[in-house]
Amino acid sequence: MNWQRWWYGPIFSVPELCDLPPRRQHALWNEAVRRGVRPARMLALLMVRFVVAMTFATLAMELGMAEQALWVGLLALVSSGFVADALMTRPVARRWLREHAHELDRYATS
């Protein structure tokens, strides 16, 4: 699998935004996330994070680490947020940027 196809790390390395100033990159990226990600997908992202956190916290309790279960759950919540962002939010926002590349001057004017 070509990891570079869907994961570009920081915003400034996204090909659709690479030739823009940093302030404009952030404005357009935020616009793409707002307009590209639908409420149902955001709810699904929150549910995935919650389920992963609860699963890891429960697993920690079952393994006898009841004192650390809260911290394990919080760590799972944060890390699942990064994974969900990479797998669900970024591709949708990049698709929105590609589809609306011809009208980007209208959005997030600097």
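In terms of the salt bridge (charged side-chain N to carboxylate O under 4.0 Å, His left out) criterion, Arg41 has no residue partners (sequence neighbours excluded). With sequence neighbours left out, Arg34 forms a side-chain hydrogen bond (donor to acceptor under 3.5 Å, both in side chains) with Glu31.
Rounding to the nearest 0.5 Å places CZ of Phe50 at 7.0 Å from CE of Met47. With rounding to the nearest 0.5 angstrom, the CZ atom of Arg94 is 8.0 Å from the CG atom of Leu97. To the nearest 0.5 Å, atoms CG (Leu45) and CE (Met88) are separated by 4.5 Å.
When all heavy atoms of Trp29 and Ala93 are compared, the closest pair comes out as CH2-CB, 3.7 Å. The two atoms that bring Arg35 and Arg38 nearest to each other are O-NH1, 3.2 Å, heavy atoms only.
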Using atom types as modelled, flag every donor-acceptor pair under 3.5 Å from a side chain in residues 51-67 to any protein atom, sequence neighbours excluded.
from	atom 1	to	atom 2	distance (Å)
Thr55	OG1	Val51	O	2.7
Thr58	OG1	Met54	O	2.7

Donor-acceptor contacts, no H, no angles, side chain residues 74-84, under 3.5 Å, sequence neighbours left out:
from	atom 1	to	atom 2	distance (Å)
Ser79	OG	Leu75	O	2.9
Ser79	OG	Ala76	O	3.3
Ser80	OG	Ala76	O	2.9
Ser80	OG	Leu77	O	3.0

